[in-house]
Amino acid sequence: MDDVFTAARVVAGELLRRLDDGGRRWRHTQWVAAKAAEAAPLLPPADGELLVAAAWLHDIGYSPHVALWGFHPVDGAAYASAHVPRRAVAGLIAQHSGARFLAEARGLSHLMHPFERREWWSGALPDALTWADQTTDPEGRPIAVEDRLAEMLHRHGPDSPNARAHPRRAPVVVAAVRATEARLAGAVRTSGSASVAMA
Ligand SMILES: [Fe+2]
C-alpha cells in the first residue's frame with residue numbers, strides 16, 4: 001500500500017461493505033470521506049491526508065471483525081493501529097465526534113488512555129472530522145448538526161449512555177462544526193479576494 005489514504009479506503013471498504021445493514025454504514029462513510037476531502041485544503045497537506053484517512057476509517061469499529069469492547073471509536077482505533085501505518089489516524093478515530101464523553105458515560109475512559117493526545121481531539125484537524133461525521137446522517141445524506149444530534153438521541157433513547165453524555169458532548173460537537181464552517185467560509189472569502197485581485 002503506497003499511502004495512508006489508499007490503505008484507509010481499502011480497509012474501510014473491506015470491512016463496511018460486508019455489514020448486513022443494506023449498505024448504510026458504507027454509504028455514510030463514503031460521504032463522510034467526501035466531506036473530509038472538502039475540508040482537507042484547510043490543513044497542511046500531511047494533516048489533510050490524515051483527515052481523509054481517518055474519515056474513511058472512523059466507523060470501522062462497527063464491523064464484527066473489528067469489535068472488541070463494543071465501543072466503536074476505540075475498537076476502530078485499535079484495528080487501525082495494527083493495520084494503518086500512522087498513529088495519528090488511530091488517535092483521530094478514537095476521539096472523533098466527542099467520543100471521550102461517550103467513553104466516560106459508559107465507564108470506558110480507561111480505553112481512551114492510549115489515544116489522549118490533545119491534537120487528536122482539539123484543533124482544526126479533529127474539528128473537520130467531527131464536522132464531516134456530524135453533518136452526514138446515517139444514510140449518507142447531508143444534515144444539520146442539531147438534527148443529527150436529535151436523531152442520535154431518539155435512536156439511542158433517553159436512558160442511554162449517549163443521552164447521559166449529551167449535555168457535555170453536544171456543545172463540543174457543535175463548536176467543532178461551527179469552527180470548521182467558519183474556516184471553510186474564510187477559505188472561500190480568501191480565494192474569492194485572490195480571484196478579484198487577479199482579475
Ligand atoms: Fe460516522
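In what follows, every heavy atom counts, from backbone to side chain, and hydrogens, waters and symmetry copies are set aside. When a ligand or atom number is given, it counts from 1 through the structure's own listing order.
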His28 ring center within less than 6.0 Å of His58 ring center: yes
Shortest-distance N/O/S atom, Asp133 versus the Fe ion (ligand 1): OD1
Ring centre gap for Trp56 and Trp26 strictly below 6.0 Å: yes
Modelled atom types, side-chain donor and acceptor of Ser97 and Gln134, under 3.5 Å: yes
Apex the Fe ion (ligand 1); atoms Asp59 OD2 and His28 NE2; angle rounded to 10 degrees: 90°
Neighbour count >12 (heavy atoms, 6.0 Å) for atom NE2, His113: yes
His96 backbone or side-chain N/O/S under 2.8 Å from the Fe ion (ligand 1): no
